[in-house]
Protein chains: 2
Amino acid sequence: MTNSSPATIEDVARIAEVSIATVSRAIHTPEKVANSTRLKVNQAIAITGYTTNAMARSLRLGRSNMILVVAPDIGDPNFSSILVGLENEARSHGYGVLIGHTQNEPQRGLEYLKFLNSNQAAGMILFTGILPFGHQSMTARLPPSVGVFEPVFNGGIPYVGVDDVAGARKAIDLLIAEGHRRIAFIGDSRTRLAFSRRREGYEEGLAAAGIPQSARIILEGDGTIESGRLALEQLFMRDTLPTAFMCVNDQTAIGVMLGLTARGYDIPRDFSVTGFDDVPQATFINPTLTTLRQPRTAIGRQAMALLLQLLANEHPDETEFLLMPDLIVRNSVSRPRSGK
Amino acid sequence: MTNSSPATIEDVARIAEVSIATVSRAIHTPEKVANSTRLKVNQAIAITGYTTNAMARSLRLGRSNMILVVAPDIGDPNFSSILVGLENEARSHGYGVLIGHTQNEPQRGLEYLKFLNSNQAAGMILFTGILPFGHQSMTARLPPSVGVFEPVFNGGIPYVGVDDVAGARKAIDLLIAEGHRRIAFIGDSRTRLAFSRRREGYEEGLAAAGIPQSARIILEGDGTIESGRLALEQLFMRDTLPTAFMCVNDQTAIGVMLGLTARGYDIPRDFSVTGFDDVPQATFINPTLTTLRQPRTAIGRQAMALLLQLLANEHPDETEFLLMPDLIVRNSVSRPRSGK
DNA sequence: TTGAAAGCGCTAACAC
DNA sequence: GTGTTAGCGCTTTCAA
């Protein structure tokens, strides 16, 4: 039990009465070390409380054992459970996870680019649909990277996400099965692929049910609560109201529900609402929200597994890995009021 | 513009036609380098796109430039804005921030302990009231550390938080000023100091208003939405109901409001409710929640500033740094119904 | 199966 | 004001 500065490989070697090379081998390639020697080394490690100095190791190896996870906003309710998957997978392969949040500011992104360039991370997981690094990203050498949720536009980077089209299809099919015909899609976006894919699912579902083009009601949004509210206001200025709102995500749905409630309507009696994501609030809002659950932990796990593959120089053929979201039926959907 | 492996200090030195020592000095102690030389070096850095290899630097210096932030749950709505303060302060002093989340599992804590022992972080910010490392933390050398929100019980670690007593006092004084006399405190906890301090503020306020001990209604909770609901159910099984609920935090308040609404009551007509923290949801819930705003960014900034002081071997006398929360008056409080 | 030694990229003491 | 050099702790040839 040394007490001053942390034990080094040399301390272990001295106590075990072997060379530092043997200690290193006993740790990383134990099969290349005689049983008796390995035992001595292990004892010495226990005595000293030795842990490998990751700096020195990374310097020597030319790569670190950290993965940088870049997210625009770690307050995002989706984020933390995905992180669990990411971390568990990384950890079980000897990697640590480092979280960078850019707050949607390119300036912050550049800091991380510097970080990457100084070799402090072996790979990168991106939570954003674009490389958050501005123009410099073009000239810089990026480490192996994997996107989560959305493809990374300017990178040719593989990604793991959810099958948005199929998921949206589940929602729209439910609404149609309940008898809805005039269903609005709230939250279309040209800049967010996930959102426009969900709109695709909406259109596919309507088409499959033989509902004419003219009955489609599509409003744009950016996925915030506020955008849901706003879209609702716009809708109420038209003459034909839908009987159901299929929202691009839960935040939007919450905005719509808040707006509807404020106008004195009852959900689901007067209007049905669906979301997408299954954020924690979905179970607390009144009525509880029917939505699609993102397989978050699985997404995280698979994204990290993919990155580790890349790091091992195995390049899979596919560039898009989609998992299936589950439809979670709660209380925000019912049959439309007869006559409407 | 080199293209293969990242430029090293040697590349820069060669191009600038100086020694590597001069390059290092030009970067870290520019005043010790002749203007003309510095210029050449800067040009060479620009040409090569050189960034210091943080691994090598840390190894040489014997300390890293990363600060580990350990949080039990990064999904906590308080967390991300505090992180902003932490990060900005750290970054402006050349430190990076690394986030570790323990998910309240001691096992995870141990991983971070190993991380610290391998010298990968120079210091630590703790978001939890206890060292999340189990028994081993006793024997291990911990780096300079600072707590956020709550003192760290088993460490003698200074912390930056909010003045919970004074904050709670603001809430209770408001309720009393509105005319409430029977006010319940929801969310007392023996294990969370911040919570019991808020209860202290509650008691102080009642005492100052001359409200007798017997009128105190105190229920326990763990600060979750569910705990708020639960406490409410318990209260409704008693015969004397309060006219106002002073909740230990916003989550609890939301639980109480949800429960009240579910029972058909109107807030604030039938009951007033206050929270603590000012989470984002406080503005979206209906009615909007009167609460105390944590000066989050300031807390983060100050905590990191304190840690940087420690890292510079300056040890302040105080061990507790409290900032004042602001009372944010919204719509969940009104005068009690006459006759109640 | 083990040891000696080179060297990853950097900083700082020392010499000039 | 600048260069030379030792060495941070580690992994990995190369020899034995």
Side-chain angles (χ1 to χ4, degrees), chain A residues 2 4-42 44-45 48-66 94 114-120 122, chain B residues 2 4-42 44-45 48-66 94 114-120 122:
Chain A
T2 60
S4 56
S5 58
T8 72
I9 200 171
E10 212 159 342
D11 298 327
V12 177
R14 194 170 340 100
I15 292 181
E17 297 177 306
V18 296
S19 73
I20 61 169
T22 300
V23 174
S24 179
R25 278 190 286 257
I27 295 171
H28 299 291
T29 50
E31 68 280 8
K32 292 187 174 175
V33 169
N35 277 335
S36 57
T37 320
R38 194 166 57 239
L39 217 69
K40 281 195 297 180
V41 171
N42 286 339
I45 288 176
T48 54
Y50 170 76
T51 32
T52 303
N53 181 320
M55 300 297 177
R57 177 157 217 263
S58 301
L59 177 59
R60 175 62 233 241
L61 258 36
R63 61 184 160 73
S64 91
N65 63 331
M66 301 295 292
K114 244 178 90 179
F115 184 84
L116 291 168
N117 276 354
S118 64
N119 279 317
Q120 291 191 77
Chain B
T2 60
S4 56
S5 58
T8 72
I9 200 171
E10 213 160 341
D11 299 326
V12 177
R14 196 174 333 101
I15 292 180
E17 297 177 308
V18 296
S19 72
I20 60 168
T22 299
V23 175
S24 178
R25 276 191 288 257
I27 295 170
H28 300 291
T29 51
E31 69 279 7
K32 292 187 174 175
V33 168
N35 277 334
S36 56
T37 322
R38 195 167 55 239
L39 217 69
K40 281 195 297 181
V41 171
N42 286 339
I45 288 177
T48 54
Y50 170 76
T51 32
T52 303
N53 181 319
M55 300 300 178
R57 178 158 215 264
S58 300
L59 177 59
R60 176 61 234 237
L61 258 35
R63 61 186 160 73
S64 92
N65 62 332
M66 302 296 292
K114 244 177 92 178
F115 184 84
L116 291 168
N117 275 353
S118 65
N119 279 317
Q120 292 192 75

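By convention in this document, chain letters (A, B, ...) are assigned in the order of the sequence lines, proteins followed by strands, and residues within each chain are numbered from 1.
- Residues A:R57 and A:H28 form a side-chain contact, since some pair of their non-hydrogen atoms from C-beta on lies under 4.5 Å apart.
- The side chain to side chain donor-acceptor pair (under 3.5 Å) search around A:S118 returns A:Q120, not counting sequence neighbours.
- Of all non-hydrogen atoms in B:S58 and B:S64, the two that sit nearest each other are OG-CA, 3.5 Å.
- Residue B:S19 places no side-chain N or O under 4.0 Å from the OP1 or OP2 atom of D:dT4.
- Spacing between atom CD1 of B:I9 and atom C1' of D:dG3 amounts to 13 Å, rounded to whole angstrom units.
- With sequence neighbours excluded, no residue satisfies side-chain contact (heavy atoms from CB on, under 4.5 Å) with A:L39.
- Legend: residues meeting side-chain contact (heavy atoms from CB on, under 4.5 Å) with B:I45, ordered by chain and number and at least two apart, are B:V12, B:I27, B:V41, B:N42, B:Y50.
- Legend: residues meeting side chain to side chain donor-acceptor pair (under 3.5 Å) with B:T22, ordered by chain and number and at least two apart, are B:S19.
- Contact check, A:S58 against D:dC10: no side-chain N or O comes under 4.0 Å of OP1 or OP2.
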Below 3.5 Å between N/O atoms, which protein atoms pair up with nucleotides 5-8 of chain D? Just atom names and distances, please.
{"residue": "D:dG7", "atom": "N2", "partner": "B:R60", "partner atom": "NH1", "Å": "3.1"}
{"residue": "D:dC8", "atom": "O2", "partner": "B:R60", "partner atom": "N", "Å": "3.4"}

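- With sequence neighbours left out, B:N119 forms a side-chain contact (heavy atoms from CB on, under 4.5 Å) with A:P6, A:N53.
- The side-chain contact (heavy atoms from CB on, under 4.5 Å) with A:V23 is formed by just one residue from the set A:T8, A:D11, A:V18; it is A:V18.
- On the nucleic acid side, DNA chain C contacts chain B at distances under 4.0 Å to non-hydrogen atoms, with the end points of that region at C:dG9 to C:dA13.
- The side chain to side chain donor-acceptor pair (under 3.5 Å) check on B:R60 picks up nothing, with sequence neighbours excluded.
- Five base pairs at each end of the helix from C:dT1-D:dA16 to C:dC16-D:dG1 define two local axes, and these are offset by 40° (rounded to 10°).
- Along DNA chain D, the nucleotide nearest B:T37 and the nucleotide nearest A:T51 are compared for position; the residue whose nucleotide lies closer to the 5' end is B:T37.
- Residue-level contact check: B:T52 touches the backbone only, with heavy atoms under 4.0 Å from sugar-phosphate atoms and none from bases.
- Listed by first then second residue, pairs satisfying salt bridge (Lys or Arg N to Asp or Glu O under 4.0 Å) with a partner in residues 19-41 of chain B number zero, not counting sequence neighbours.
- For the pair A:A26 and A:P30, the tightest heavy-atom approach, listed with the atom from each and the gap, is O-CB, 3.5 Å.
- Listed by residue number, B:S24, B:R25, B:H28 are the residues of residues 23-31 of chain B with a heavy-atom contact under 4.0 Å to DNA chain C.
- In terms of the side-chain contact (heavy atoms from CB on, under 4.5 Å) criterion, residue partners of A:S36 (sequence neighbours excluded) are, by chain and number, A:A34.
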